[in-house]
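Written below as structure tokens is the structure these notes are about.
Sequential numbering from 1 along the given sequence is applied to the chain's residues. Model, not experiment: these values are computed from the prediction.
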Amino acid sequence: MTSAAAPAGAGDERADTGATGSATFDLDSGWRLHPGVALRPEPFGALLYHFHTRKLSFLKSPTIVEVVRTLAEHPTARAACAAAGVSIDDPHTARLYLHALGQLADSQMIEPREGEDPTS
């Protein structure tokens, strides 16, 4: 089981994780939930289970759940954050969401959309 990913609590924007996450997550690339990942809503947020790697992650905020759930519907992760009401221009908020999304990318829960390279 992986560490909890994402900002904790709907009103409390603290990251609840011990892992470092990706320092290079690209908010301006298109992302999607990996097709082998199931997202199960829970009262605290959601569980993500990757059927190929057998990893389990917890999303502890309804806001990050909304961002992850709708990534594929938006041209960029930044647009998905904005649509979910995340003020990504605030440095504190940006750091938390970059960390959470970076962890999800590192654990292969989310992936770049086909034809996009987030490292370029």
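Using a 30° and 60° split on the angle between ring planes, H50 and H34 fall in the tilted class, from 30° to 60°.
Closest non-hydrogen pair, H52 versus G36, comes out as CE1-CA, 3.9 Å. Here the closest non-hydrogen pair linking G45 and V65 is C-CG2, 3.6 Å. Considering all non-hydrogen atoms of both residues, A46 and L39 come closest at CB-CD2, 4.0 Å. Nearest approach of D89 to R78, heavy atoms of both residues: OD1-NH1, 4.3 Å. The two atoms that bring A72 and R32 nearest to each other are CB-CB, 3.9 Å, heavy atoms only. Residues L101 and I110 share a closest heavy-atom pair of O-CD1, 3.6 Å.
Rounded to the nearest 0.5 angstrom, Y97 OH and T63 OG1 are separated by 4.5 Å. The distance from atom CG of L59 to atom CZ of R69, rounded to the nearest 0.5 Å, is 12.0 Å.
Under a 3.5 Å cut-off, the side chain of T76 and the backbone N or O of A79 do form a donor-acceptor pair. Under a 3.5 Å cut-off, the side chain of W31 and the backbone N or O of V68 do not form any donor-acceptor pair. Distance alone, capped at 3.5 Å, is enough to place a donor-acceptor pair between the R113 side chain and the P75 backbone.
Between L96 and I64, every side-chain heavy-atom pair lies at or beyond the 4.5 Å cut-off. In this structure, the side chains of H74 and C81 stay at 4.5 Å or more apart for every pair of heavy atoms. Proximity of K55 to Y49: side-chain heavy atoms (C-beta onward) are nowhere separated by under 4.5 Å.
Applying the side-chain contact (heavy atoms from CB on, under 4.5 Å) test between S57 and each of L48, V37, L47 identifies L48 as the sole match.
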